[in-house]
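Protein chains get the first letters and strands the later ones, always in sequence-line order, with residue 1 at the start of each.
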Number of protein chains: 2
Amino acid sequence: MGRQKRLMMKIDNPCSRHTTYSKRRDGILKKASELSVLCDADVGLLMFSPSGRLTSFSSNGRIEDVFLRYVDQPNELRGGPVSNEDYFYQRLRELKHEGEMLEKLSKYDFLSP
Amino acid sequence: MGRQKRLMMKIDNPCSRHTTYSKRRDGILKKASELSVLCDADVGLLMFSPSGRLTSFSSNGRIEDVFLRYVDQPNELRGGPVSNEDYFYQRLRELKHEGEMLEKLSKYDFLSP
DNA sequence: CCGGCTATTTATAACGT
DNA sequence: TACGTTATAAATAGCCG
């Protein structure tokens, strides 16, 4: 969302990076809260900013309890965890798609610089 | 988002609740991944569905490591955790705001049923 | 640094299949 | 039951103060 689409890579400018972190951190906190309320789900969330500052969220009591519930799960049911690697191929597909779009757009002269 | 605004309360219909859970769970997973990539943040996320099924996300290695990093934080720096209670007053304000809007809108005859 | 302001991009609610 | 579609609500990028 926003004025421009953002490439999914580390933001170079430290100032922009922190601004984006603050906004998105708040967004995810809200999403986590909404998920727990709407769906009666138990949610635990830990976020460390690039500078190491911690923000945590727990839908129900202490985050320690959510983690203990995780630890109590049989390994087969931990389902992962989902990691960034799972988004790697997704991003590759996105990039491929973007590449195709750019190629198509490049055929229109009026878009050339 | 969606065709209608959703009230922030537990969804009664179990089927709708699970559908919404699945979609929003995936949304938060994506957001968590994006936060970690864009901002080089360390993120850990645990979600238990209403039926108890676990989904977890870790931006960097095992979620256990993220949790250990949390445990290592001095109490003062754990910053919370932010809990649903922190959103209680926010929702109250939203409700108040919505009430004021409705009141204003009600003064326009063409909006009456 | 934090909060407000739009233009845009995203996420998703309600339906279909 | 999970997936696809579309209209609409939300999140947010880039700016400004």
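- Annotation: the span from B:Y21 atom OH to B:M47 atom CE amounts to 5.5 Å, rounded to 0.5 Å.
- The separation between A:Y21 atom OH and C:dC2 atom C1' is 17 Å, rounded to whole Å.
- Between B:M8 atom CE and D:dA9 atom C1' there is a gap of 13 Å when expressed in whole angstrom units.
- Side-chain proximity of B:K5 to the nucleotides D:dG4, D:dT12, D:dA9 is greatest for D:dA9.
- The CG atom of A:L54 lies 9.0 Å from the OG atom of A:S49; values are rounded to the nearest 0.5 Å.
- We find the NZ-CG distance between A:K31 and A:L38 to be 10.0 Å, quoted to the nearest 0.5 Å.
- In this structure, the CG atom of B:L29 is 16 Å from the C1' atom of C:dT10, given to the nearest Å.
- Of the two residues near DNA chain D, B:L38 and B:T19, the one whose nearest nucleotide lies more 5' is B:T19.
- Within the structure, a side-chain polar atom (N or O) of A:R24 is placed less than 4.0 Å from OP1 or OP2 of D:dA13.
- For the pair B:R53 CZ and D:dT1 C1', the interatomic distance rounds to 13 Å; values are reported in whole Å.
- The side chain of B:K30 places an N or O atom within less than 4.0 Å of a non-bridging phosphate oxygen (OP1 or OP2) of C:dA11.
- The side chain of A:R3 sits closest to D:dG14 out of D:dG14, D:dA10, D:dG4.
- No side-chain donor-acceptor contact under 3.5 Å links A:T20 to the backbone of A:R17.
- Relative to the side chain of A:Q4, the nucleotides D:dT12, D:dA10, D:dA13 differ in distance, and D:dA13 lies closest.
- Of the two residues near DNA chain C, B:R6 and A:H18, the one whose nearest nucleotide lies more 5' is A:H18.
- Between A:R69 and A:D42 there is a salt bridge, with a side-chain nitrogen of the basic residue lying less than 4.0 Å from a carboxylate oxygen of the acidic one.
- A straight line from CG of A:L7 to C1' of C:dT8 spans 15 Å, rounded to a whole angstrom.
- Ranking C:dA13, D:dA13, C:dA11 by closeness to the A:M1 side chain, first place goes to C:dA11.
- Spacing between atom CE of A:M9 and atom P of D:dA13 amounts to 15 Å, rounded to whole angstrom units.
- Remark: A:T20 is in phosphate contact with D:dA13, judged by side-chain N or O atoms under 4.0 Å from OP1 or OP2.
- The phosphate of C:dT12 has OP1 or OP2 within less than 4.0 Å of a side-chain N or O from A:K31.
- Per the geometry, CD1 belonging to B:I28 stands 15 Å off P belonging to D:dA10, to the nearest Å.
- Atom CG in A:D26 sits roughly 12 Å away from atom C1' in D:dA11 (whole-Å rounding).
- At a cut-off of 3.5 angstrom, the base of C:dG3 holds no donor-acceptor pair with the side chain of A:K23.
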